[in-house]
J.: 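Sharing a structure, written as structure tokens. Questions coming.
Chain A is the first sequence line, chain B the second, and so forth, proteins listed ahead of strands; every chain is numbered from 1.
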Number of protein chains: 2
Amino acid sequence: MREDPATPGRRYRGIAAGQRQEARRQRLLDAALACFGTQGYHATSVRALCAEAGLTERYFYESFANSEDLLRAVYETLVARLRADMAAMADRPDSVDAVLGVYFGAIEGDPRIARILFFEVLGVSPAVDQLYRQAMEDFAVLLADLIGPAGGDGTRRRIVGDGLVGAVVHIAMRWTLGHFGTPRPQVVAICADLLRAMGMADRRA
Amino acid sequence: MREDPATPGRRYRGIAAGQRQEARRQRLLDAALACFGTQGYHATSVRALCAEAGLTERYFYESFANSEDLLRAVYETLVARLRADMAAMADRPDSVDAVLGVYFGAIEGDPRIARILFFEVLGVSPAVDQLYRQAMEDFAVLLADLIGPAGGDGTRRRIVGDGLVGAVVHIAMRWTLGHFGTPRPQVVAICADLLRAMGMADRRA
DNA sequence: CGATAGTGACATGGTTTGGTGTCAGAAACC
DNA sequence: GGTTTCTGACACCAAACCATGTCACTATCG
């Protein structure tokens with residue numbers, strides 16, 4: 001058990017201790033995506049996570065304090081990746097459609113991501129709720145910047161941002177629940193229309 | 001134990017058996033609102049519910065199969081009441097503001113309701129998710145009818161409805177998380193603006 | 001009054017979980 | 001080769017929980 005990740009430690013199968021530990025951590029993150037994204041967070045035990053990762057409980061507690069800690073980690077990973085991919089589209093001419101395309105594409109590509117983002121993370125604990133809150137706030141800022149400059153005061157701006165996020169997230173949620181019955185480009189186009197209309201309401205005020 | 005609620009049974013303290021049973025059921029529903037709405041669903045045991053209701057476990061299983069069953073019941077009760085109150089405002093001249101006023105008023109009036117509607121009910125089980133799905137669908141229809149006749153095809157109409165619901169619910173959720181920092185009429189007014197703008201986007205298509 | 005249905009407090013069994021500990025064997029170092 | 005670190009399988013324990021059962025006591029009915 002490496003208490004200090006800085007010390008190199010003994011190599012094992014040609015791999016340094018720190019790298020082995022990091023690899024185990026990554027396998028647990030993958031297992032979390034698999035378990036939380038299919039069975040759900042509350043239906044997943046530490047044992048199940050370890051079995052999925054092909055590791056034993058000892059290595060679980062090496063990287064995470066408990067299963068909520070792992071949930072936070074996997075959520076943060078997913079949100080960060082999604083956010084970076086969306087931000088990369090922000091200065092395109094068709095930025096609204098491009099950003100939404102990334103978002104809906106990620107969800108369609110891996111429904112387990114959708115489940116974690118939309119369901120599993122809610123109502124778990126105050127700490128997780130705080131994380132969710134922050135992610136939604138960031139998302140709101142991103143979308144608000146996307147649809148143009150603000151019109152009203154700060155309060156109005158913030159509420160409109162919440163509305164934007166809510167519309168997008170809920171449409172995406174319902175789209176996944178309907179098992180992607182509508183083609184993605186069509187959903188993206190309608191959603192983009194909506195956002196632009198909401199942005200006009202913001203500026204008109 | 002009354003297996004058949006139709007048989008009158010012996011009166012007790014001047015109350016018929018069926019009425020006593022119904023009273024116990026109601027007390028459990030109240031306890032569920034109190035416990036699920038403050039501690040949360042997953043942190044609430046059957047024992048805690050019974051203690052809150054002032055009943056013993058036996059009477060719990062008289063009316064509900066398990067604690068998820070009770071969650072479904074209390075959720076359905078809350079949604080039905082909210083829906084009826086909102087529908088009663090649908091034919092007013094200022095229907096959009098009136099309906100939203102009812103919605104936001106209910107949440108502000110009892111934050112436990114908000115917690116159950118927004119958080120506790122999510123990610124519990126497929127059966128509960130199905131209930132949530134249905135409630136959101138009904139809400140979408142109500143809001144879509146509110147903002148006027150449809151413009152595009154059915155698919156577009158449905159997606160726009162999802163967007164309406166998402167915007168309202170998410171604004172309400174964020175409003176509760178911010179502990180009602182913004183006055184309700186202001187939130188309602190902005191939200192109503194947004195809905196009308198989204199309705200125009202729908203008709204323009 | 002006596003019998004019975006109803007009630008409430010509590011006991012019990014069986015299962016699951018989180019978190020820790022043990023221990024034999026494999027891989028690396030000297 | 002001998003020692004040490006690392007690994008993986010599994011045992012263990014206390015706690016919590018669900019669901020059912022027991023039993024004395026009370027109100028009602030005949």
J.: Classify the ring geometry between Y132(B) and Y75(B) as parallel (under 30°), tilted (30 to 60°) or perpendicular (over 60°).
T.: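 Answer is tilted, since the angle falls between 30° and 60°.
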J.: Rounded to whole Å, please give me the gap between CZ in R11(A) and P in dC6(D).
T.: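 That distance rounds to 13 Å.
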J.: dT20(C), dG8(C), dT7(D): which one has an atom nearest the side-chain heavy atoms of Y59(B)?
T.: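 So the side chain of Y59(B) is nearest to dG8(C).
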J.: Please report the distance, rounded to the nearest Å, between CD in E68(B) and P in dA19(D).
T.: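 E68(B) atom CD is separated from dA19(D) atom P by 11 Å.
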J.: Would you indicate which nucleotide in dC18(D), dT22(D), dT22(C) comes nearest to any side-chain atom of V46(B)?
T.: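 Closest of the options to the side chain of V46(B): dC18(D).
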J.: Quick one: which of dT7(C), dT22(C), dC10(D) gets closest to the side chain of Y12(B)?
T.: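 Side chain of Y12(B) sits closest to dT7(C).
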J.: Starting at the 5' end of DNA chain C, which residue's closest nucleotide do you reach first, E57(A) or A43(A)?
T.: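 Nearest-nucleotide comparison on DNA chain C picks A43(A).
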J.: Given dC18(D), dC29(C), dG18(C), which nucleotide is nearest the side-chain atoms of S45(B)?
T.: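 It is dC18(D).
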J.: Under 4.0 Å between a side-chain nitrogen and a carboxylate oxygen: does that hold for E137(B) and R174(A)?
T.: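 Salt bridge: yes.
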J.: From the set dA27(D), dC10(D), dT20(D), return the single nucleotide nearest to any side-chain atom of R13(B).
T.: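 In terms of side-chain proximity for R13(B), the closest of dA27(D), dC10(D), dT20(D) is dA27(D).
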J.: Which is more 5' along DNA chain D, the nucleotide nearest T44(B) or the one nearest G54(A)? Just name the residue.
T.: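 Checking each residue's closest nucleotide, the 5'-ward one belongs to G54(A).
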J.: Between D153(A) and R156(A), does any NZ, NE, NH1 or NH2 come within less than 4.0 Å of an OD or OE carboxylate oxygen?
T.: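 The answer is no: the pair does not qualify as a salt bridge.
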J.: I need the CZ-C1' distance between F64(B) and dA19(D), as an integer number of Å.
T.: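 Between C1' of dA19(D) and CZ of F64(B): 16 Å.
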J.: Could you state the atom-to-atom distance from CG of L71(A) to P of dG18(C) in whole Å?
T.: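 One finds 13 Å between P of dG18(C) and CG of L71(A), rounded.
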J.: Whole angstrom is fine here: how far is it from CD in Q19(A) over to P in dC6(D)?
T.: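 Value for this atom pair: 15 Å.
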J.: Find which nucleotide of DNA chain D each of T56(A) and G14(B) is nearest to by heavy atoms, and output the residue with the more 5' nucleotide.
T.: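 Nearest-nucleotide comparison on DNA chain D picks T56(A).
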J.: Between dG8(D) atom P and F60(A) atom CZ, what is the distance in whole Å?
T.: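 The answer, rounded to whole Å, is 16 Å.
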J.: Ignoring hydrogens and angles, are the base of dG21(D) and the side chain of R58(B) linked by a donor-acceptor pair under 3.5 Å?
T.: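 Side chain to base: no pair present.
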J.: Write down the distance between OH (Y61(B)) and P (dG8(C)), rounded to a whole number of angstrom.
T.: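 Nearest whole value for this atom pair: 17 Å.
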J.: Ion pair present between R112(A) and D30(A), side-chain N to carboxylate O less than 4.0 angstrom?
T.: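 No.
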J.: Of the listed nucleotides (dA11(C), dG8(D), dT7(C)), which one gets closest to any side-chain atom of R47(B)?
T.: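 So the side chain of R47(B) is nearest to dA11(C).
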J.: Show, in sequence, the C-alpha distance, side-chain angles and deciding distance for H42(B) and V124(A), and conclude whether the side-chain contact (heavy atoms from CB on, under 4.5 Å) test is met.
T.: CA-CA 8 Å; H42(B) 287 104; V124(A) 168; over 6 Å; no
J.: If you only use heavy atoms from C-beta on, which nucleotide in dC29(D), dA19(D), dT20(C) is closest to the side chain of N66(B)?
T.: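 From the listed options, dA19(D) comes nearest.
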J.: Just the rounded figure in Å: distance from P of dA26(C) to CZ of R20(A).
T.: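 Between P of dA26(C) and CZ of R20(A): 17 Å.
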